[in-house]
Novice: 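Submitted below is the structure of interest, expressed as structure tokens.
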Amino acid sequence: MKRSRLTILVALALTVLSAAAMAQSDGADVYNRCAGCHKSTGLGVPGYAPPLAGHLPDIERTRGGRTYLIQVLLYGLKGDIQVKEHRYHATMPAFADLNDEDAAAVLNRILTSWGNDTLLPKNHKAIAPSEFKARRNNKLTPEQVYAIRGKLGLK
């Protein structure tokens, strides 16, 4: 009798833990929303959507860059930008509808995909959902995010 109760409790605990693990996003499904413009390769579309591959680690290394990346994802970006001598003009939509966990997961996925992981600072730490939560009250426009880009010295 005790053994069957123990077996049931263990099975129930494993079911709950499995469901929790499955609920956690690795960012892959969320990235499908980004791939239309930035492509599955992270290389973007010339003249329209900038590459994420080989570029986001540069932003991450910039003072204030980590916060800026969170703001871009939450509030979007509107304005001409330059990445490695190439110009891009697109309006990135805001993805404030993502929950904090999914937002952090997709940004971490981008920061560690396509060889970006080898370009990150050695002291890089994964972006936590709490960092998104802390920025949600800013309520920036895509134009304000663009202005922040300029203040960071990003073209």
Side-chain angles (χ1 to χ4, degrees), residues 16-155:
V16 169
L17 290 173
S18 295
M22 287 172 44
Q24 290 182 335
S25 171
D26 70 354
D29 288 341
V30 179
Y31 186 76
N32 288 332
R33 294 176 64 180
C34 311
C37 295
H38 295 288
K39 304 300 174 197
S40 62
T41 59
L43 296 176
V45 176
Y48 180 69
L52 304 175
H55 174 55
L56 260 61
D58 294 339
I59 296 173
E60 169 77 2
R61 282 193 299 273
T62 302
R63 184 181 173 119
R66 186 178 181 97
T67 298
Y68 167 75
L69 290 173
I70 292 167
Q71 292 167 325
V72 169
L73 190 58
L74 287 176
Y75 304 114
L77 179 68
K78 185 175 183 178
D80 291 345
I81 66 169
Q82 183 174 327
V83 177
K84 300 182 189 217
E85 308 305 320
H86 297 283
R87 306 275 314 153
Y88 298 88
H89 180 76
T91 298
M92 179 170 157
F95 289 100
D97 63 307
L98 293 174
N99 65 44
D100 297 333
E101 290 75 19
D102 284 344
V106 74
L107 191 49
N108 285 320
R109 181 173 187 79
I110 292 166
L111 284 166
T112 58
S113 294
W114 314 296
N116 283 346
D117 55 335
T118 64
L119 304 172
L120 289 168
K122 291 182 192 228
N123 62 349
H124 170 77
K125 292 181 182 172
I127 294 174
S130 60
E131 294 177 75
F132 277 88
K133 184 177 182 178
R135 297 283 168 220
R136 285 197 183 270
N137 291 331
N138 295 41
K139 304 295 184 208
L140 301 171
T141 66
E143 293 84 1
Q144 288 171 316
V145 175
Y146 179 74
I148 292 167
R149 181 182 182 87
K151 289 177 185 174
L152 295 177
L154 302 169
K155 298 179 180 180

Novice: Working to the nearest 0.5 angstrom, can you tell me the gap between T112 OG1 and L119 CG?
Specialist: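 With rounding to 0.5 Å, OG1 (T112) is 11.5 Å from CG (L119).
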Novice: Using side-chain contact (heavy atoms from CB on, under 4.5 Å) as the criterion, list what pairs up with S113, not counting sequence neighbours.
Specialist: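 R109.
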Novice: What heavy-atom pair brings Y75 and V145 nearest, and what distance separates the two atoms?
Specialist: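 Between these two residues, the closest heavy atoms are CB-CG2, 3.8 Å.
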Novice: Tell me the closest heavy-atom pair linking C37 and A49, and the distance in Å.
Specialist: O-CB, 3.4 Å
Novice: Can you list the residues that meet the side chain to side chain donor-acceptor pair (under 3.5 Å) rule with N108, with sequence neighbours excluded?
Specialist: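 Not a single residue meets the side chain to side chain donor-acceptor pair (under 3.5 Å) criterion with N108.
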Novice: Tell me, which pairs form a ring pair (Phe, Tyr, Trp, His ring centres under 6.0 Å) where one or both residues lie in residues 87-109, sequence neighbours left out?
Specialist: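 Listed once each, the pairs would be none.
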Novice: Hey, does L111 have a side-chain heavy atom less than 4.5 Å from the side chain of L69?
Specialist: yes
Novice: Which residues pass the side chain to side chain donor-acceptor pair (under 3.5 Å) test with H86, not counting sequence neighbours?
Specialist: none
Novice: Not counting sequence neighbours, which residues clear side chain to side chain donor-acceptor pair (under 3.5 Å) with N137? List them please.
Specialist: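 With sequence neighbours excluded, N137 shows a side chain to side chain donor-acceptor pair (under 3.5 Å) to no residue whatsoever.
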Novice: Can you pull the ring pair (Phe, Tyr, Trp, His ring centres under 6.0 Å) pairs that have at least one residue in residues 110-136, sequence neighbours excluded?
Specialist: Y31-W114
Novice: Which side-chain N or O atoms in residues 147-154 pair as donor and acceptor under 3.5 Å with protein atoms at least two apart or in another chain?
Specialist:
from, atom 1, to, atom 2, distance (Å)
R149, NE, K155, O, 2.8
R149, NH1, Y68, OH, 2.9
R149, NH2, K155, O, 3.0

Novice: Quick test of your reading: applying salt bridge (charged side-chain N to carboxylate O under 4.0 Å, His left out), list the pairs with at least one residue in residues 128-140, sequence neighbours left out, ordered by first then second residue.
Specialist: R66-E131, D100-R136
Novice: Which residues satisfy the side-chain contact (heavy atoms from CB on, under 4.5 Å) test with R87, sequence neighbours excluded?
Specialist: D80, Q82
Novice: Could I get the full list of salt bridge (Lys or Arg N to Asp or Glu O under 4.0 Å) partners for D58, not counting sequence neighbours?
Specialist: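 Testing D58 for salt bridge (Lys or Arg N to Asp or Glu O under 4.0 Å), a comparison that skips the adjacent residues, returns R61, K84.
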Novice: How many angstroms lie between atom SG of C34 and atom CD1 of I110, to the nearest 0.5 angstrom?
Specialist: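 Result: 4.5 Å between the selected atoms.
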Novice: CG/N138 to OG1/T67 distance, rounded to the nearest 0.5 angstrom?
Specialist: 9.0 Å
Novice: Output every pair passing salt bridge (charged side-chain N to carboxylate O under 4.0 Å, His left out) with a member in residues 30-50, not counting sequence neighbours, ordered by first then second residue.
Specialist: R33-D97
Novice: Hey, can you pull the donor-acceptor pairs under 3.5 Å for the side chains in residues 40-48, sequence neighbours left out?
Specialist:
from, atom 1, to, atom 2, distance (Å)
T41, OG1, L43, N, 3.3

Novice: Shortest non-hydrogen contact from V72 to M92?
Specialist: CG1-SD, 3.6 Å
